[in-house]
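Heads up: the structure comes next, in structure tokens.
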Amino acid sequence: MIDVLDRNAALAIAPELAEVFVSAFGYDEEPDGDRFATEQLPTHADRDGFKLVAARSEGTVVGFAYGFTGQRGQWWSDRVANAISPELAAEWIGGHFEVVELAVQVEAQGNGLGTALMEELMRDLPNRKALLTTWIDDRPAPRLYRRLGWQVLVPDLGWGSALYGLDRGMPVSH
Ligand SMILES: CC(C)(COP(=O)(O)OP(=O)(O)OC[C@H]1O[C@@H](n2cnc3c(N)ncnc32)[C@H](O)[C@@H]1OP(=O)(O)O)[C@@H](O)C(=O)NCCC(=O)NCCS
């Protein structure tokens with residue numbers, strides 16, 4: 001079961017999300033769950049267009065993904081804009097949906113949850129363009145994004161991350 005959470009609902013389960021974050025990223029890093037729950041998530045939850053999707057199994061959160069509408073002047077957008085050509089930056093950066101995290105608890109991986117979370121995260125978004133950075137080497141996450149139609153915009157930004165983009169067609173008019 002996948003729920004769509006707004007700012008308040010996401011912050012209310014920050015510790016649970018942090019546990020998933022630590023499990024998912026624990027294989028080759030030492031992820032800081034406290035920093036995720038008390039700094040990263042609250043900062044991003046205040047951004048325009050924040051959306052988080054969470055998958056539960058028997059009541060427990062086992063995976064989540066989130067993003068928001070990115071703009072110039074924000075750390076990630078400016079860092080990426082400075083690393084790519086001005087033409088590419090003009091085309092892709094600003095008003096894009098920025099996928100920040102996708103994480104599935106280790107024991108729950110390999111069952112299609114990550115794919116389902118990404119599909120739910122991207123469903124019905126108003127943003128025409130979407131961006132994310134991921135590993136440059138061959139791992140489940142980049143394979144998953146490519147299967148879902150994301151294109152590699154820049155294979156290596158210079159710090160071990162690749163830039164992926166998804167052009168979602170015409171924006172939804174409101
Ligand atoms: C990336 C991540 C979220 C994927 O989650 P997941 O739930 O395992 O994703 P899926 O199950 O949809 O797909 C993973 C693999 O399982 C396979 N799979 C899915 N359902 C399956 C099933 N029923 N039987 C067998 N294999 C299956 C998929 O084909 C895919 O194979 P591949 O890795 O060879 O391409 C997870 O690996 C993770 O949390 N990784 C660490 C954090 C991370 O890298 N996050 C992204 C940072 S950019």
Side-chain angles (χ1 to χ4, degrees), residues 1-5 10 13-37 39-41 43-45 47 49-70 74-77 79-80 83-84 92-93 96-123 125 127 129-168:
M1 188 184 82
I2 296 181
D3 296 320
V4 180
L5 279 64
I13 60 162
E16 263 194 279
L17 298 173
E19 279 184 35
V20 174
F21 177 82
V22 169
S23 167
F25 286 96
Y27 62 97
D28 69 351
E29 301 170 9
E30 282 184 32
D32 188 340
D34 284 342
R35 200 196 77 80
F36 172 82
E39 293 178 35
Q40 177 182 324
L41 187 66
T43 299
H44 289 162
R47 300 249 167 104
F50 174 80
K51 177 180 177 183
L52 185 143
V53 292
R56 287 183 186 276
S57 170
E58 294 172 2
T60 304
V61 178
V62 290
F64 72 93
Y66 81 83
F68 57 81
T69 298
Q74 293 167 349
W75 181 83
W76 188 93
S77 284
R79 186 174 192 220
V80 172
I84 67 180
W92 285 89
I93 299 181
H96 60 279
F97 187 77
E98 196 167 305
V99 177
V100 182
E101 300 290 0
L102 168 66
V104 172
Q105 192 188 52
V106 165
E107 297 79 13
Q109 290 177 5
N111 295 306
L113 258 185
T115 303
L117 283 164
M118 274 306 284
E119 286 176 338
E120 198 56 42
L121 183 66
M122 303 306 293
R123 194 186 309 281
L125 290 177
N127 317 66
K129 299 271 173 59
L131 287 171
L132 62 80
T133 44
T134 187
W135 320 101
I136 58 173
D137 48 343
D138 186 34
R139 301 198 197 194
R143 286 198 294 270
L144 187 158
Y145 301 134
R146 289 197 297 268
R147 269 200 306 279
L148 291 178
W150 289 72
Q151 56 181 125
V152 182
L153 298 178
V154 181
D156 187 351
L157 288 165
W159 58 84
S161 294
L163 181 67
Y164 281 46
L166 185 70
D167 188 335
R168 309 178 58 252

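Both ligands and their constituent atoms are indexed starting at 1 by order of listing. What you see below is based on every heavy atom in this structure, not just the backbone, and it leaves out hydrogens, waters and symmetry mates.
Counting heavy atoms under 4.0 Å from ligand 1, residue Arg139 does not touch it at all. In Arg143, the part holding a heavy atom less than 4.0 Å from any atom of ligand 1 is the side chain. Residue contacts with ligand 1, taken as heavy atom pairs separated by less than 4.0 Å, do not involve Leu132 at all. Under 4.0 angstrom from ligand 1, there are no non-hydrogen atoms of Leu117. Contacts between Tyr145 and ligand 1 below 4.0 angstrom, taking non-hydrogen atoms only, involve the side chain exclusively.
Within a 4.0 Å radius of atom 41 (C) of ligand 1, the protein has at least one heavy atom.
If you check which protein heavy atom lies closest to atom 12 (O) of ligand 1, you get Thr115 OG1, 2.5 Å. Among all protein heavy atoms, the one lying closest to atom 48 (S) of ligand 1 is Thr134 OG1, 3.2 Å. Taking atom 45 (N) of ligand 1 as the reference point, the nearest protein heavy-atom neighbour is Leu102 O, 2.7 Å. Scanning all protein heavy atoms for the shortest distance to atom 4 (C) of ligand 1 gives Leu144 CD1, 3.8 Å. With hydrogens left out, the protein atom closest to atom 44 (O) of ligand 1 is Trp135 NE1, 3.1 Å, a heavy atom.
The closest heavy-atom contact to atom 36 (C) of ligand 1, among the options Arg147, Arg146, Glu101, Gln109, comes from Gln109. In the candidate list Gly114, Ala108, Ala103, Gly114 is nearest to atom 6 (P) of ligand 1, counting heavy atoms.
Residue Val104 places at least one N or O, backbone or side chain, under 3.5 Å from an N or O of ligand 1. Where the criterion is an N or O separation shorter than 3.5 Å, residue side chain and backbone included, Thr133 fails it with respect to ligand 1. Between Gly112 and ligand 1, a contact under 3.5 Å exists for at least one N or O pair.
Closest approach of Ser77 and Gly70 over heavy atoms only: OG-C, 4.2 Å. Contact record, Val20 with Val62: CG1-O, 3.8 Å, taken as the closest heavy-atom pair.
Every atom of ligand 1 with a heavy atom of Tyr27 under 4.0 Å away is listed here by number and element: 41 (C). For ligand 1, the atoms lying closer than 4.0 Å to a non-hydrogen atom of Ala141 are 1 (C), 44 (O), 46 (C). Atoms of ligand 1 lying under 4.0 Å from any heavy atom of Gly110, numbered from 1 in the order shown and given with element: 6 (P), 7 (O), 8 (O), 11 (O), 16 (O), 18 (N), 19 (C), 20 (N), 21 (C), 22 (C), 24 (N), 25 (C), 26 (N), 27 (C).
Rounded to the nearest 0.5 Å, atoms OG1 (Thr43) and CH2 (Trp75) are 12.5 Å apart.
A distance-only check finds a donor-acceptor pair linking the side chain of Lys51 to the backbone of Leu121 [under 3.5 Å]. No donor-acceptor distance shorter than 3.5 angstrom exists from the side chain of Arg35 to the backbone of Gln40, with no hydrogens or angles considered. Looking at Glu101, its side chain never comes within 3.5 Å of a backbone N or O of Tyr66 through a donor-acceptor pair. With Arg47 contributing its side chain and Phe50 its backbone, the two residues share no donor-acceptor pair below 3.5 Å. Formation of a donor-acceptor pair under 3.5 Å by the Asp32 side chain with backbone atoms of Asp34 is found in this model.
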Does the pair Leu131 and Val80 meet the rule for a side chain to side chain contact (heavy atoms under 4.5 Å, CB included), with working shown? CA-CA 10 Å; Leu131 287 171; Val80 172; 5.7 Å; no
With side chain to side chain contact (heavy atoms under 4.5 Å, CB included) as the test, would you mind laying out the steps for Met122 and Val99 before giving the verdict? CA-CA 9 Å; Met122 303 306 293; Val99 177; 4.1 Å; yes
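In the displayed structure, Glu107 atom CD is contacted under 6.0 Å by more than 12 heavy atoms of other residues, nucleotides or ligands.
Using cut-offs of 30° and 60° for the angle between ring planes, the Tyr145 and Tyr164 rings count as perpendicular.
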